[in-house]
Amino acid sequence: MAIDTPVIGLIAGILTSSSLIPQLIKTIKKGSAEDVSPMMFIVLLSGTSLWAYYGVLRNDLPIIITNCFSSFLNIIMLGLKYRLKGKTD
């Protein structure tokens with residue numbers, strides 16, 4: 001049984017993008033983002049935004065969807081970093 005190539009891309013993208021979810025959950029539960037590097041998320045956001053744009057240029061829905069989702073999670077993490085700034089454990 002062969003799996004369609006876009007389906008493989010979509011699954012890979014979802015798994016990769018979802019890797020941020022445990023960090024988001026931990027940050028929300030702790031109520032602190034002290035140990036989070038904002039530069040890492042700025043670089044990731046830049047990369048995922050460019051990947052999404054690349055997906056638009058290629059009309060590649062799996063690339064667009066997964067990188068938009070990843071960009072969204074990066075924006076949330078950056079928002080938490082600055083919203084929780086100054087809060088410690």
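These figures come from a predicted structure and were not determined experimentally.
Shortest non-hydrogen contact noted between Gly9 and Pro62 is C-CB, 4.1 Å. Summarising the geometry of Ser19 relative to Thr16, their closest heavy-atom pair is OG-O, 2.7 Å, with the distance given to 0.1 Å. Taking each heavy atom of Val56 and Ile64 in turn, the nearest pair found is N-CG1, 3.5 Å. Shortest non-hydrogen contact noted between Ile63 and Thr66 is O-OG1, 3.6 Å.
A donor atom on one side chain and an acceptor atom on the other are found under 3.5 Å apart for Thr48 and Ser71.
With contacts defined as side-chain heavy-atom distances shorter than 4.5 Å, the pair Leu20/Phe41 qualifies. Between Ser70 and Trp51, the closest side-chain pair of non-hydrogen atoms is not below 4.5 Å. Residues Leu78 and Pro38 form a side-chain contact, since some pair of their non-hydrogen atoms from C-beta on lies under 4.5 Å apart. Residues Lys81 and Ile76 have side chains not in contact (no heavy-atom distance under 4.5 Å, counting atoms from C-beta outward).
Here Ile65 sits in one hydrophobic cluster together with Leu10, Ile14, Leu61; the rule is ILVMFWY side chains under 4.5 Å apart, joined directly or through other members.
Counting non-hydrogen atoms of neighbouring residues, nucleotides and ligands closer than 6.0 angstrom, the CG atom of Asn59 reaches no more than 12 such neighbours.
There is a path of hydrophobic side-chain contacts, each under 4.5 Å, that joins Val36 to Phe72.
Leu73 contributes atom CG, which lies 7.5 Å from atom OG of Ser18 (distance to the nearest 0.5 angstrom). A distance of 6.5 Å separates OG1 in Thr27 from CG in Leu80, rounded to the nearest 0.5 Å.
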I would like to know whether Gln23 and Asp35 meet side-chain contact (heavy atoms from CB on, under 4.5 Å); could you show each step before the answer?
CA-CA 11 Å; Gln23 182 65 53; Asp35 296 334; over 6 Å; no
